[in-house]
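Heads up: the structure comes next, in structure tokens.
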Amino acid sequence: MPGGRLTAEDRRHIAEGLAAGLTYAEIARRLGRSRSTITREIARNGGPHGYRAARAQHATSWRARRRKRAPRAGVPHSGDGRDAGTVREFEERFVAMMVETGLAPMTARVFAALFLSESGSLTAAELVRQLRVSPATISHATTWLERRGMLAREREARRMRYSVDVDVWYRAWTASARAMAVWADTTRHGAGVFGTDTPTGDRLQTTSRFLELLGHDMAQAAEHWRQALFLRRGH
């Protein structure tokens, strides 16, 4: 596949492909690029619903100028044993993966900033400076993550601090299991409303049974792996 940076023309084709409902893989094939390149490009420039070719081109030029002026906040400097470019590439890949699997771009960036930080903890002000967004944007993203058990918050004097730990996946998974239980209860009620002898009622009842079993299995799996990992870590 041809290498090099994406051009303004490439970005125009990406925008047209998204508007036409093409998959990332199909857009990549038409441009002769890797899927990961297209995924990262879309993730860091507004996501599939907010991507605009001209804005993406301008943002890319701006980021290039900014990198020449100063190191990006949060990226390790020379001397810590890690290559800044490699770390930056992984950060972008990590965010792109989350966007492709359903997270909003800014929510993914906030979570990545926390999860990849050395301490797993940053204040709201630090997130604002590192991601160069408004406090309201950070508040919106962290509220979404907190509701799903993906971060914790605590007040330090007049500052708000957010943190993640190794239990984040357990909490997120169990939150999903609880959501499955809610879906199962609602569809079970719907089956009674429509009657299980009707096509709609039968569909609702089957859905309820599936979600009930899935939620139960998810809860058991989460607890099993939590205990196994804790034993391995000596807790």
Check your understanding: Would you call E41 and R33 a salt bridge, taking side-chain N to carboxylate O under 4.0 Å as the test?
Key -> no
Review point. Any Lys/Arg nitrogen of E26 or R30 sitting under 4.0 Å from an Asp/Glu carboxylate oxygen of the other?
Key: yes
Point to revise | Chi angles and distances behind the side-chain contact (heavy atoms from CB on, under 4.5 Å) call for W173, W225 | key: CA-CA 11 Å; W173 189 261; W225 284 108; over 6 Å; no
Point to revise | Distance-minimising heavy-atom pair for T137 and S134 | key: OG1-OG, 2.9 Å
Check your understanding: If you count the non-hydrogen atoms of other residues, nucleotides and ligands that lie under 6.0 Å from CZ in R93, is the total more than 12?
Key -> no
Check your understanding: Rounded to the nearest 0.5 Å, how far apart are CE of M106 and CG of L131?
Key -> 6.0 Å
Point to revise | Hphob cluster co-occupancy, L122 + V164, side-chain heavy atoms under 4.5 angstrom | key: yes
Review point. Do S121 and R161 have a side chain donor and acceptor closer than 3.5 Å?
Key: yes
Point to revise | V110 side chain near L127 side chain, heavy-atom distance below 4.5 Å | key: yes
Exercise for review: State, to 0.1 Å, how close P48 and V99 come at their nearest heavy-atom pair, and which atoms those are.
Suggested key: CD-CG1, 4.3 Å
Review point. For the atom pair OG (S34) and CZ (R40), what is the distance rounded to the nearest 0.5 Å?
Key: 6.0 Å
Exercise for review: Kindly give the heavy-atom pair with the smallest separation between A175 and R148, and that separation in Å.
Suggested key: CB-O, 3.9 Å
Exercise for review: Report whether V168 and L151 are members of the same hydrophobic cluster (ILVMFWY, side-chain heavy atoms less than 4.5 Å apart, transitive linking).
Suggested key: yes
Review point. Linking I/L/V/M/F/W/Y whenever any side-chain heavy atoms sit under 4.5 Å apart, do F90 and V95 land together?
Key: no
Practice item. Answer yes or no: is there a donor N or O on one side and an acceptor on the other, between the side chain of T206 and the main chain of R203, under 3.5 Å? Key: no
Practice item. Identify whether the distance between the nearest side-chain nitrogen and carboxylate oxygen of R35 and E100 falls below 4.0 Å. Key: yes
Practice item. Enter the distance from T37:OG1 to I27:CD1 here, rounded to the nearest 0.5 Å. Key: 13.0 Å
Exercise for review: Tell me whether the centres of the aromatic rings in W144 and F111 are closer together than 6.0 Å.
Suggested key: no
Exercise for review: Verify whether one side chain among H13 and E9 offers a donor that lies under 3.5 Å from an acceptor in the other.
Suggested key: yes
Check your understanding: Step by step, would you call Y24 with L18 a side-chain contact (heavy atoms from CB on, under 4.5 Å)?
Key -> CA-CA 8 Å; Y24 290 7; L18 290 171; 3.9 Å; yes
Review point. Sub-3.5 Å donor-acceptor pair from the side chain of S208 to the main-chain atoms of A184, do we have one?
Key: yes
Revision key, fill the gap. Distance col, row L103:CG vs M97:CE, nearest 0.5 angstrom, shows 9.0 Å
Exercise for review: Flag yes if I38 and Y51 sit in one hydrophobic cluster, no otherwise; membership is Ile, Leu, Val, Met, Phe, Trp, Tyr, and two members link when side-chain heavy atoms are under 4.5 Å apart.
Suggested key: yes
Exercise for review: List the atom of Y162, the atom of A124, and the distance in Å for their closest heavy-atom pair.
Suggested key: CE1-CB, 3.8 Å
Exercise for review: Indicate yes or no: does R12 engage E16 in a salt bridge with an N to O separation below 4.0 Å.
Suggested key: yes
Check your understanding: For R171 and D165, what are the C-alpha separation, side-chain angles and deciding distance, and is it a side-chain contact (heavy atoms from CB on, under 4.5 Å)?
Key -> CA-CA 10 Å; R171 291 193 297 272; D165 57 29; 3.2 Å; yes
Check your understanding: How long is the gap from CD on E212 to CG on D217, to the nearest 0.5 Å?
Key -> 10.5 Å
Point to revise | Rounded distance [0.5 Å steps], CZ in R153 versus OG in S139 | key: 6.0 Å
Check your understanding: Same cluster for L6 and L22 if Ile/Leu/Val/Met/Phe/Trp/Tyr side chains link at under 4.5 Å?
Key -> yes
Practice item. Taking T174 for its side chain and Y170 for its backbone only, find out whether a donor-acceptor pair lies under 3.5 Å. Key: yes
Point to revise | Taking every non-hydrogen atom, the tightest pair across A177 and A219 | key: CB-N, 4.2 Å
